[in-house]
Amino acid sequence: MSETLPAGTTGTPAPVETERGILFVISSPSGGGKGTLVRRILTHMPRLGYSVSWTTRAPRQGEVNGREYHFVTTEEFEAARERGEFLEWACVHGNFYATSIKVVERELAAGRDVVLEIDVQGAATVRRLEIEAVSVFILPPSFEIMRRRLTGRQSENSDALALRLQNSRGEVEHYREFDYVVLNDDVDRAATQLASIVYAERARRVRQERLAERVLATFP
Ligand code: ADP
Ligand code: 5GP
């Protein structure tokens with residue numbers, strides 16, 4: 001299946017032939033820009049799926065249940081957790097968040113790559129599970145720039161905003177545990193770099209063996 005390339009890159013898309021999809025774990029502090037960058041690459045990469053998380057956080061203005069999140073009560077969240085439906089879950093800035101196993105597994109099994117946009121605790125859980133995953137940390141250029149961007153988003157009241165800023169240093173310290181770090185300075189440049197990571201991971205020899213063997217078999 002071919003795909004269009006992100007803005008700023010040229011050439012013919014490479015054929016993709018992967019048995020199982022790749023799991024991409026993308027984290028950053030709140031306001032780091034992961035949502036913005038992930039939305040950018042998803043529009044250019046149809047073979048890349050997005051795992052909609054569960055949360056007990058109240059919806060923000062404009063957020064739609066089932067699109068940004070599955071918005072649930074704490075009771076519903078805990079019941080699903082008890083039933084073992086979550087790949088990982090965490091309490092982040094005072095609310096619960098989780099990734100559904102079922103959807104991720106279905107997409108990966110169908111050969112589609114999946115993005116998890118989760119916090120650093122969730123990324124650590126996925127790492128402990130020892131499932132194959134590629135992790136990317138989105139790094140804001142500085143605390144001050146991140147603070148301005150997050151304030152400008154106008155998504156949180158002042159207490160929630162203060163808590164997110166207070167937690168941010170502890171989150172950024174976890175960059176060391178990730179496979180890749182993308183600096184979110186210019187949004188186009190950062191999105192192109194993030195897309196490049198996806199393309200490069202797909203091209204790894206271990207993931208191209210089926211294709212390469214098929215091509216090899218055509219040689220006399
Ligand atoms: P996160 O999902 O990590 O919490 P967002 O993607 O919502 O962060 O970004 C926080 C705010 O910063 C948003 O208002 C977004 O439009 C803005 N933003 C993100 N990346 C950039 C960038 N590279 N340059 C300027 N503003 C940005
Ligand atoms: P927000 O409330 O800004 O949407 O998200 C707050 C934090 O929760 C962000 O760091 C976001 O990545 C994280 N988050 C969103 N979904 C999940 C999830 O399913 N699991 C975990 N562990 N964190 C999540």
Side-chain angles (χ1 to χ4, degrees), residues 7-8 23-43 50-72 77 80-81 85-104 114-129 133 135-157 159-161 163-172 174-175 177-178 181-194:
L23 186 61
F24 290 95
V25 174
I26 303 189
S27 300
S28 79
S30 190
K34 61 195 166 306
T36 302
L37 298 180
V38 166
R39 275 195 302 278
R40 282 278 181 119
I41 67 166
L42 286 173
T43 59
Y50 179 76
S51 161
V52 177
S53 295
W54 288 48
T55 187
T56 59
R57 164 168 84 57
R60 292 175 187 142
Q61 206 180 2
E63 284 185 333
V64 175
N65 191 22
R67 188 179 67 186
E68 280 80 10
Y69 284 105
H70 299 292
F71 295 99
V72 293
F77 188 97
R81 191 178 58 191
E85 291 180 13
F86 297 151
L87 179 71
E88 62 74 36
W89 67 274
C91 182
V92 193
H93 316 311
N95 292 297
F96 288 115
Y97 296 84
T99 303
S100 152
I101 292 181
K102 203 166 83 186
V103 176
V104 170
V114 178
V115 171
L116 305 186
E117 200 189 307
I118 62 178
D119 88 308
V120 294
Q121 303 172 77
T125 304
V126 172
R127 224 167 276 125
R128 276 196 299 274
L129 292 173
S135 61
V136 184
F137 192 85
I138 306 297
L139 187 69
S142 69
F143 175 78
E144 186 48 33
I145 292 174
M146 187 198 74
R147 191 191 64 74
R148 259 187 271 138
R149 288 177 182 172
L150 189 56
T151 309
R153 193 172 74 184
Q154 297 188 316
S155 50
E156 266 71 35
N157 64 36
D159 286 352
L161 180 69
L163 181 64
R164 283 165 184 250
L165 293 174
Q166 195 185 312
N167 292 340
S168 61
R169 186 190 163 95
E171 295 183 304
V172 173
H174 285 275
Y175 85 86
E177 295 151 20
F178 285 73
V181 174
V182 170
L183 179 70
N184 183 18
D185 46 5
D186 173 73
V187 74
D188 289 332
R189 194 209 59 78
T192 299
Q193 193 173 27
L194 185 58

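Counting convention: from 1, in listed order, for ligands and their atoms alike. When a residue number appears, it is its place in the shown sequence, counting from 1.
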Check step by step if side chain to side chain donor-acceptor pair (under 3.5 Å) holds for Asn65 and His70. CA-CA 5 Å; Asn65 191 22; His70 299 292; 4.7 Å; no
Could you see which bit of Asp185 sits under 4.0 Å from ligand 1, with heavy atoms only: side chain, backbone, both or neither? backbone
Salt bridge or not for Glu85 and Arg81, using N-O below 4.0 Å? no
Protein heavy-atom partner closest to atom 16 (N) of ligand 2 - residue, atom, separation in Å: Ser53 OG, 3.1 Å
What protein heavy atom sits nearest atom 7 (O) of ligand 1, and how far away is it? Arg153 NH1, 2.7 Å
Quick one: does any side-chain atom of Glu68 pair with a main-chain N or O of Val64 as donor and acceptor, under 3.5 Å? yes
min-distance protein heavy atom vs atom 2 (O) of ligand 1 -> Gly35 N, 2.9 Å
Which atoms of ligand 2 have any heavy atom of Tyr69 under 4.0 Å away? 1 (P), 4 (O), 5 (O), 15 (C), 16 (N)
Return yes or no for this condition: an N or O of Asp186 is under 3.5 Å from an N or O of ligand 1. no
Among Glu117, Lys34, Arg60, Glu171, closest by any non-hydrogen atom to atom 9 (C) of ligand 2: Lys34
Of the protein's non-hydrogen atoms, which lies at the shortest distance from atom 8 (O) of ligand 1, and what is that distance? Gly33 N, 3.1 Å
Heavy-atom nearest option to atom 22 (N) of ligand 2, drawn from Asn95, Ile118, Asp119: Asp119
Any Thr99 side-chain heavy atom under 4.5 Å of Trp54 side chain: no
For ligand 2, which is the ligand I care about here, please tell me if Ser30 has any N or O atom under 3.5 Å from one of the ligand's N or O atoms. no
So if I count the atoms of ligand 2 from 1 in the order they appear, which ones are less than 4.0 Å from some heavy atom of Ala90? 22 (N)
Could you list the atoms of ligand 1 found under 4.0 angstrom from a heavy atom of Ser30? 4 (O)
Would you kindly check if the NZ (Lys) or CZ (Arg) of Arg39 is within the cone defined by 45 degrees around the ring axis of Tyr50 and under 6.0 Å from the six-membered ring centre? no
Any N or O of Trp54 that comes nearer than 3.5 Å to an N or O of ligand 2? no
For the ring pair Tyr97 and Tyr69, is the centre-to-centre distance below 6.0 Å? yes
Is it the case that the side chain of Gln121 and the backbone of Cys91 share a donor-acceptor pair, with hydrogens and angles ignored and the cut-off at 3.5 Å? yes
Charged N-O contact under 4.0 Å between Arg128 and Glu88: no
Of the protein's non-hydrogen atoms, which lies at the shortest distance from atom 20 (N) of ligand 1, and what is that distance? Asn184 ND2, 3.0 Å
Do the side-chain N and O atoms of Thr55 and Arg57 include a donor-acceptor pair separated by under 3.5 angstrom? no
Proximal ligand 2 atoms for Arg57, defined as those under 4.0 Å from one of its heavy atoms: 1 (P), 2 (O), 4 (O)
Does Ser28 come within less than 4.0 angstrom of ligand 1, counting non-hydrogen atoms of the residue? yes
Any Ala190 heavy atom less than 4.0 Å to ligand 1: no
For ligand 1, is Pro29 a contact, meaning one of its heavy atoms is under 4.0 Å away? yes
Pairwise distance OG1(Thr151) to CD(Glu156) - rounded to 0.5 angstrom: 10.0 Å
Measure the shortest side-chain to side-chain distance between Val52 and Val103 over non-hydrogen atoms and say whether it is less than 4.5 angstrom. no
Using a strict cut-off of 4.0 Å, indicate which atoms of ligand 2 neighbour a heavy atom of Gly122. 22 (N)
Arg189 side chain reached by Leu183 side chain, heavy atoms, under 4.5 Å: yes
Just going by heavy-atom distances, which of Arg189, Arg149, Arg148 is nearest to atom 18 (N) of ligand 1? Arg149
Please say whether Glu88 places an N or O atom under 3.5 Å from an N or O atom belonging to ligand 2. yes
Would Val92 count as a polar contact of ligand 2, with the cut-off being nitrogen or oxygen pairs under 3.5 Å? no
closest protein heavy atom to atom 16 (O) of ligand 1 is Thr36 OG1, 4.0 Å
Aromatic rings Phe86 and Phe77: how do their planes relate, parallel, tilted or perpendicular, breaks at 30° and 60°? tilted
Between Arg127 and Glu177, does any NZ, NE, NH1 or NH2 come within less than 4.0 Å of an OD or OE carboxylate oxygen? yes
Could you tell me whether some N/O pair between Leu150 and ligand 1 is separated by less than 3.5 angstrom? no
